[in-house]
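For reference, the structure discussed in these notes is given below.
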Number of protein chains: 2
Amino acid sequence: MPAPARSLPDPRLPLHARLRDDLARRLAAGEWPPETALPSETALAAAYGVAVNTLRRAFEQLAREGLVERRQGRGTFVRRPALRGSMLRFFRQAEREGGAEIVPESRILARAVAPLPAWAAHGLGLAPGLRGLRLDRLRRWAGSPLLVEEIWLRLPDFARLAKRSPEAFGALLYPLYESECGRVVARVEDEITVGRADAALARQLDIAAGEPVVEVGRVAFTADGVAIEARRAWGRADRFRYRATAT
Amino acid sequence: MPAPARSLPDPRLPLHARLRDDLARRLAAGEWPPETALPSETALAAAYGVAVNTLRRAFEQLAREGLVERRQGRGTFVRRPALRGSMLRFFRQAEREGGAEIVPESRILARAVAPLPAWAAHGLGLAPGLRGLRLDRLRRWAGSPLLVEEIWLRLPDFARLAKRSPEAFGALLYPLYESECGRVVARVEDEITVGRADAALARQLDIAAGEPVVEVGRVAFTADGVAIEARRAWGRADRFRYRATAT
DNA sequence: AAGTGGTCTAGACCACATT
DNA sequence: ATGTGGTCTAGACCACTTT
């Protein structure tokens, strides 16, 4: 077997796993734009100097992970890793209407660089007392408040967001993380509990104090497992709905 | 290739898919007890008259689905399809303590054969007005009420449960479905919402009327996609906690 | 030493999509 | 007609486990 055309990590791993890792790296580096076809199996296998079936195993793994999509007779295509982890999936109003995804309006209420609270430091895996970027956000739906969020971001990764005009944040944060700071959220972990609104939260959500609210605690990770965002979100409990399937 | 040793379904499917289906059928039929090793790759491949690699694809699929577990150097073992869909996964008190799973005590409060309510008929995919078996159940944890459940089962599948002594139901229903009625729950779909306790529910849960409660609506399916159970469960909202991961 | 699953190769043929 | 991915085969060698 001729020497591989590219350096591959950890030679103890099976060849197909190393191929998968290297292809994932090249995909993450943007070597092939989304929705375009990768080189064919035979071409890539020849470039790496491996058997076609070995490269196929790597492709199959990437397809299972959702990074690429295989289409018989056409090619293997890059998939944009559409995260199905929107905070809105927990609330009825945020669902499709007539097929299109509806995104509520967002407003940044406050922004500050400040010491991380204990829960955020813990979520980010940082020492308490280190500084982070705090965003307070209100999301509305058809004019009425839907979600209040307190978001803490790792610094200095997100330093550019500390300077950007709060009006120019747009409705969605994760695309902004990617375009402004080069950080792509690949996985989120959410923990849902039910509580009651105190006076301040009730005022923001336009409900009576003491009404039940759903709290979602979140930590968001990049593909290499680094926690970049810790978040707490509160929404009206009567708007909450979540569907779970277990096997 | 010699004729397969066993009849395989739908010849249009790829061979490895037909092998997977046939092996899944034999597993479901209990041909090999759980925790025992299946015949080796080479033996099974020879019995089916296919190449080892083709049989491997079927095994890999079954392993991904959790029906079998492959152990290098030892064999391929039957896994009991441990459903990770307990209603208790939504409530904190139901978690492990010192490593062991703790199951709350259960009591059947009422049982009746009666016309299905609309929501249960819809969940079971049956015409409203057909009769089902209703179970009302209370689950307690450390002496205090945790969950109230209204369960509707398809008839005549579960007719034997209409005669069994309510004291002899035990703490878990799904194993009973299997042992008494031959129905194995393979998948559940849950929908979680938040409401408030009316007087009757509050009394059963030992909380004040108007306190927030979490309602879980469930439909349970067998491996072949037949809905056999529709359920509504109510628990104290302050005991609710659910962790979700999205990618 | 023998048996198991895991990896890798090489090649034939098929199904699908585009030119 | 050509190129793509999908299936299937046959066999070599490796790593792990048990005897």
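Numbered from 1 within each chain, the chains take letters A, B, ... in sequence-line order.
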TODO: With A:R231 as the cation and A:W152 as the aromatic partner, state whether NZ or CZ is under 6.0 Å from the six-membered ring centre and within 45° of the axis.
DONE: no
Open item on the list: By nearest atom, which of the nucleotides C:dG5, C:dA15, C:dT7 is closest to the B:R70 side chain?
Closed with: C:dG5
Open item on the list: From the set D:dA15, D:dT9, C:dT18, return the single nucleotide nearest to any side-chain atom of B:A51.
Closed with: D:dT9
- [ ] Please tell me which of the listed nucleotides, C:dC8, D:dT4, C:dA17, lies nearest to the side chain of A:R74?
- [x] C:dA17
TODO: Provide, to the nearest angstrom, the distance between the CG atom belonging to A:L55 and the C1' atom belonging to C:dT9.
DONE: 13 Å
Task: Minimum-distance pair of heavy atoms, taken over all atoms of A:R79 and A:G66 - done: NE-O, 3.3 Å
- [ ] Would you mind reading off the distance between B:H16 atom NE2 and D:dG6 atom C1', rounded to a whole angstrom?
- [x] 8 Å
Task: Among C:dT18, D:dT7, C:dT4, the one nearest B:R57 by side-chain distance - done: D:dT7
Open item on the list: Let's see if you can work this out: which of D:dT9, D:dT7, C:dT7 has an atom nearest to the side-chain heavy atoms of B:T54?
Closed with: D:dT9
TODO: Test for a donor-acceptor pair under 3.5 Å between the base of C:dG11 and the side chain of A:N53, counting only N and O atoms.
DONE: yes
Open item on the list: What's B:R56 touching, base or sugar-phosphate or nothing? Going by heavy atoms closer than 4.0 Å.
Closed with: base
- [ ] Using a strict cut-off of less than 4.0 Å between a Lys/Arg side-chain nitrogen and an Asp/Glu carboxylate oxygen, indicate whether A:E178 and A:R183 qualify as a salt bridge.
- [x] no
